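Below: one structure, written as structure tokens.
Here the structure is a predicted model, which is why all the values come from computation and not from measurement. Numbered from 1 within each chain, the chains take letters A, B, ... in sequence-line order.
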Amino acid sequence: MKNALLRDRRLLPYALIAPALVILAVFYLYPIGYNAVLSVFSWDLRGPMKFVGFGNFAELFTDPDFGKVIQNTLVYMGMEVSLVMIFGLILALFLNRQGWLSEFLQGVSFAPNVIALVSVSLIFVWLMDDDIGLFNQILSAVGLEPVGWLSDPQVALFSLVLVSVWKSVGLNALIILSALQSIPRYLFEAADLDNASAWTRFRRITIPMISPTLFFLVLVNVIGSFQAFDTINVMTQGGPQSSTNTLIFSVYREGFEYYRVGYAAAIAVVLMVLVGLITVLYFRAFQKRVHYR
Amino acid sequence: MSQIELRNIGKSYGDKEIIPSLDLTIEAGSFSVLVGPSGCGKSTTLRMIAGLEKPTTGTISIGGKTVDDVTPGRRGVAMVFQNYAIYPTMTVEENIEFGLRNNKVPKAERRELVHEIAETVGLTAHLRKNPDALSGGERQRVALARAMVKKPAVFLMDEPLSNLDAKLRQHMRIELIELHERLGATFVYVTHDQVEAMSMGTSIVLMDGGRIQQQAAPTELYAKPHNVFTSRFIGTPPMNVLRVGSFGADVASDAPAGAEWLGVRPERITFADTSRPAVPGETELAVTILALENLGAELVYRVELPDGSRLAIKRFDEIARPLGHAVVRVESTDIHWFDANEERIAEPAIPGAVREVVSA
């Protein structure tokens with residue numbers, strides 16, 4: 001006796017993807033929708049919800065600090081993604097050589113990735129301490145001015161980027177490395193016979209051949225940079241002078257510290273639209289230049 | 001026109017010796033084919049000429065200049081790879097143009113050369129396409145065009161036809177022969193296929209175990225194989241190589257001193273014409289036909305001699321004979337002799353041949 005659902009050829013595919021659909025709906029679609037609903041209410045998590053229309057958004061866009069928050073978010077993204085990609089590529093090119101040092105470093109470069117980001121942040125708070133931190137001690141040992149790694153508003157955001165890059169560059173390098181190693185050797189041999197210089201080989205063969213991987217990694221890193229939270233929460237709490245306050249941290253602070261749930265939801269909507277917009281623009285700009293095999 | 005010389009070339013990977021010591025001269029303008037079973041070192045030799053592998057010992061010169069320290073791109077050679085090695089991220093035009101661009105050829109000249117070559121190999125309609133969109137034969141042409149456009153003195157080809165289907169392969173063989181005639185460049189061609197070697201080469205270099213077994217023109221290689229390996233590599237089916245005694249005491253007594261093996265090509269054995277008795281110099285053998293392959297234009301018999309050894313016999317334009325007893329004839333001039341080391345024993349002065357000259 002077979003189940004009627006399984007016998008119906010038209011329903012069968014839907015039955016098979018149902019479990020995944022349910023998970024998607026419960027854990028992704030419903031929260032997104034609920035967040036959108038919250039964004040037009042005023043609510044403190046306990047009292048009654050009050051409909052305010054676009055009041056939260058109006059408040060948001062008239063807040064003089066909000067522009068700064070968006071700027072922080074975008075600057076953080078720009079620095080983090082470009083540094084991870086550049087150093088990831090350089091490290092991958094180095095690891096791609098033969099020899100025991102490369103093999104050893106392959107393992108080493110993956111190590112930061114298995115440490116929890118909160119632990120990493122705590123350690124860097126120490127290292128970056130103005131007075132007793134290792135960084136400033138080294139600087140003064142070589143006769144340079146100490147830097148207010150986490151206390152100087154001009155520097156703090158960059159310090160957070162540094163921690164994030166330190167943690168994720170190894171993983172990115174390994175993914176790029178696997179792409180490098182999948183380039184057939186005969187292409188480089190053919191290029192040698194075509195008298196191509198090392199730079200030409202890199203620019204005309206290596207980069208195009210790994211472009212799908214680079215394209216994918218940039219996107220993942222962009223989206224990941226919008227989610228940077230642990231470092232900010234542990235190391236700066238958005239300070240000094242809101243210089244490290246980003247969209248995601250504002251959502252957390254407004255929602256879970258000030259209990260302005262509707263206002264936080266409105267920021268989350270802005271964040272989602274921003275990520276969506278950047279992703280679409282990114283695909284438009286680069287997808288045609290990516291070579292898929 | 002460039003002569004290629006390899007002197008005392010050795011190649012090892014770690015402890016594994018691929019080529020012990022190789023001396024080879026490839027004549028300028030020749031179509032030289034390096035042929036042999038897989039692992040014989042033919043591809044390694046080609047790659048060393050190209051500069052893609054560094055010889056462990058020895059020296060290579062091209063056109064009289066030592067190239068040991070010259071990068072592949074500056075040796076004046078072009079190479080066609082077995083899998084074509086077309087750059088998948090470039091269009092057909094960019095593929096062909098790449099070498100010229102690296103050699104700083106001005107743009108206008110580059111364009112002219114590329115279009116000229118595209119016309120020659122029939123790729124004009126495909127220049128703007130991605131290589132993915134091409135068929136196997138068209139990709140082959142891209143690889144050829146990419147080599148030709150640089151107008152090299154030496155073309156190196158590593159099994160360039162082995163990825164094509166049989167019909168296209170045959171067609172391309174003719175095209176490559178014509179190309180060689182037209183360009184007059186030195187061609188060095190690696191293959192494991194004896195038919196390609198025989199049909200295309202003006203000089204064949206037969207290799208085995210990292211050593212040259214014989215270097216000769218195709219007809220010479222066929223007529224005077226240096227050793228048993230050579231004799232059995234060329235020809236389908238290969239030469240019959242048997243113990244000297246297999247053809248009976250009469251033949252054995254005619255054998256030159258030191259002969260251990262005798263060889264006869266399958267196509268040189270005839271079925272006895274009973275209306276004509278055997279003449280001096282002809283040996284008659286009673287055999288049993290065990291099997292017959294009918295290949296249309298030719299018939300290949302597998303027969304057994306009284307001592308149990310087997311022979312292949314190839315005949316053309318004859319009616320298939322029934323299995324079972326038969327009598328075959330072999331002319332003594334068609335018998336090749338090899339010594340205990342499987343080396344050819346030099347032709348004994350044939351009295352008949354001398355007489356012919358005298359009487360003429």
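Between chain A and the residues B:L52, B:I86, B:N102, the largest count of heavy-atom pairs under 4.5 Å involves B:N102. Chain B forms the most heavy-atom pairs under 4.5 Å with one residue out of A:L193, A:D192, A:L187, and that residue is A:L193. Highest contact tally toward chain A, considering only B:G51, B:A50, B:A85, is held by B:A85 [criterion: heavy-atom pairs under 4.5 Å].
A salt bridge between B:E138 and B:K129 is absent, with no side-chain N of the basic residue lying under 4.0 Å from a carboxylate O of the acidic one.
Only the side chain of B:N83 comes within contact range of chain A, with at least one heavy atom under 4.5 Å from a heavy atom of that chain. Residue B:E94 touches chain A through its side chain alone, counting heavy-atom pairs closer than 4.5 Å. With a 4.5 Å cut-off on non-hydrogen atoms, B:Y87 touches chain A through its backbone and its side chain both. For a residue to count as touching a neighbouring chain, one of its non-hydrogen atoms must lie under 4.5 Å from one of that chain's; by this rule B:R75 does not touch chain A. For A:R201, no part lies under 4.5 angstrom from a heavy atom of chain B.
Interatomic distance, A:L12 CG to A:I17 CD1, rounded to the nearest 0.5 Å: 10.5 Å.
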Practice task
Verify side chain to side chain donor-acceptor pair (under 3.5 Å) between A:S121 and A:D230, making sure each step is shown before the conclusion.
Solution key: CA-CA 7 Å; A:S121 303; A:D230 295 11; over 6 Å; no
Exercise for the section: Apply side chain to side chain donor-acceptor pair (under 3.5 Å) to the pair B:Q82 and B:S162, showing each step before the final yes or no. Expected result: CA-CA 7 Å; B:Q82 179 173 3; B:S162 60; 3.0 Å; yes
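When all heavy atoms are compared, the tightest approach of B:A28 to B:T186 is CA-OG1, 3.6 Å.
A:F283 has its ring centre less than 6.0 Å from the ring centre of A:F215.
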